[in-house]
Amino acid sequence: MAMVGERVRVDQSFKSKTSIVDIHILVVDDDATSLAIVSAMLRTLKYEVVTVRNPMDALATLRMQKFDLVVTDLHMPVMNGLELQKEVEEEFKLPVIMMSADDDESVILRSLECGVAFYIVKPVSPKDLKNVWQYAVAAKRGKFIAIEEIKNIPAESSVVSFEDQKSAASSVCQEKRSKKDSKRKGAPKMGKEDENEMNQGVPKRAKLVWTNSLHCRFLEAINHIGLDKAVPKTILEIMNVWGLTRGNVASHLQVLYSLN
DNA sequence: CGCATAATAT
DNA sequence: GATATTATGC
């Protein structure tokens, strides 16, 4: 017996001090323990959290109250997380983050391809959840563009931008931006900025940032060509991202291997 | 020489 | 800690 949408803890009095921006998250998990743990973590991270124990209640709750993000378990009776995701996308256009103890890469890949924003392997750690707000704001403004900081670039070049996941392979000239995107990532804590360096001669190339969508594309490329033939050059070709270099891919591939 | 991978460096 | 750069070997 699950109540639909248990109390909403609103603490409007003081927010935005420590909180990112009052992001409302719906957590759905049939396992009460897991539900409690995850929701507690999220609340600690200053998110506004509502919990439900099955996908149907989730949909009902979503209809009653506005949310920014759904975090759901994958394995659930009657309707699993992926089916829920489908519904959520259709009806609410909200990003869905999947949680599961299943760390099988093919399962992860499949989820990602189904439109899941992010996949977290249980047990969930606070670190996994810390930055989930990004998905919410990304969805709010349509597409998310991840960029790099430029230190000192005279002409064009060197900025690697990336469109969102499911956009196709065509390379550069896709214009679709509309709002003014701030260059800096709106990270919770940012310290001082602006540092001048004596810099003459050749501008340094900006460091590539492996955004989630870029990483997903990376994974999909590997999946597409098979792990055995997944070498930097091939991956690079399949990914087909402007400005991305073989060295970038090699470096990233190395970290991927290191955490196995 | 081009490339992949391992080992460092930033 | 993430990404770049260099070193080594094929």
Side-chain angles (χ1 to χ4, degrees), chain A residues 18 20 41-42 44-46 97 103 105 108-109 112 117-138 144-165 169 171-172 181-260:
Chain A
T18 45
I20 321 288
M41 283 179 179
L42 287 170
T44 300
L45 292 166
K46 306 298 181 189
I97 292 181
D103 66 345
E105 184 146 330
I108 299 178
L109 263 300
L112 258 19
F118 190 50
Y119 189 102
I120 300 174
V121 177
K122 288 182 177 184
V124 179
S125 88
K127 188 190 160 194
D128 299 323
L129 298 172
K130 188 173 171 189
N131 291 319
V132 296
W133 63 270
Q134 291 185 5
Y135 297 97
V137 316
F144 188 49
I145 311 294
I147 306 311
E148 188 14 40
E149 295 204 12
I150 320 167
K151 264 255 166 95
N152 206 348
I153 310 298
E156 10 106 37
S157 86
S158 199
V159 181
V160 176
S161 73
F162 186 65
E163 356 162 15
D164 200 47
Q165 277 168 302
S171 43
V172 206
D181 265 346
S182 54
K183 304 187 249 170
R184 321 255 183 230
K185 312 265 230 163
K189 30 156 80 161
M190 12 171 142
K192 49 237 276 33
E193 257 283 325
D194 215 337
E195 203 167 89
N196 264 333
E197 199 154 76
M198 42 164 158
N199 202 342
Q200 67 163 32
V202 196
K204 256 173 74 173
R205 190 184 172 82
K207 266 214 259 191
L208 174 70
V209 171
W210 284 93
T211 63
N212 302 291
S213 51
L214 191 54
H215 179 69
C216 285
R217 198 173 177 116
F218 170 81
L219 289 179
E220 284 178 24
I222 292 178
N223 186 54
H224 182 260
I225 62 193
L227 197 53
D228 43 337
K229 308 213 137 108
V231 294
K233 191 185 182 188
T234 328
I235 298 172
L236 181 64
E237 283 163 1
I238 299 297
M239 287 181 70
N240 190 31
V241 174
W242 183 84
L244 194 67
T245 170
R246 186 163 54 90
N248 294 139
V249 176
S251 180
H252 194 58
L253 193 60
Q254 195 168 352
V255 333
L256 184 68
Y257 287 149
S258 74
L259 44 78
N260 280 343

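So that the names make sense, note that chain A is the first sequence line, chain B the second, and so on, each numbered from 1.
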Check: protein-nucleotides 6-9 of chain B nitrogen or oxygen pairs below 3.5 Å:
unit_1	atom_1	unit_2	atom_2	d
B:dA7	N7	A:Gln254	NE2	2.8
B:dA7	N6	A:Gln254	OE1	2.9

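- Minimum interatomic distance between A:Asn248 and A:Gly243 (heavy atoms only, all atoms of both residues): OD1-O, 4.2 Å.
- In terms of phosphate contacts, A:Asn248 brings no side-chain nitrogen or oxygen within less than 4.0 Å of OP1 or OP2 of C:dT3.
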Interface polar pairs with nucleotides 1-4 of chain B, N/O, under 3.5 angstrom:
unit_1	atom_1	unit_2	atom_2	d
B:dC3	OP1	A:Lys233	NZ	3.0
B:dA4	OP1	A:Lys233	N	3.4
B:dA4	OP2	A:Lys233	N	3.4
B:dA4	OP2	A:Arg246	NH1	3.3

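- The distance from atom CG of A:Leu214 to atom P of C:dA2 is 15 Å, rounded to the nearest whole Å.
- The separation between A:Lys207 atom NZ and C:dT5 atom C1' is 12 Å, rounded to whole Å.
- Counting all heavy atoms, side chain and backbone alike, A:Ser125 lies closest to A:Met41 at C-SD, 4.0 Å.
- Rounded to a whole Å, the CG atom of A:Leu253 is 15 Å from the C1' atom of C:dA2.
- Counting only heavy atoms from C-beta outward, the side chains of A:Leu129 and A:Ile120 approach each other to under 4.5 Å.
- Aromatic ring orientation, A:His252 versus A:His215: perpendicular (interplanar angle above 60°, classes split at 30° and 60°).
- Shown here are the side chain to side chain contact (heavy atoms under 4.5 Å, CB included) partners of A:Thr44, two or more places apart in sequence or in another chain: there are none.
- Proximity of A:Val255 to A:Trp210: side-chain heavy atoms (C-beta onward) are nowhere separated by under 4.5 Å.
- By the 4.5 Å heavy-atom criterion applied to side chains, A:Ile222 and A:Leu253 are counted as neighbours.
- Within the 4.5 Å cutoff, the side chain of A:Lys229 has no heavy atoms near those of the A:Thr234 side chain.
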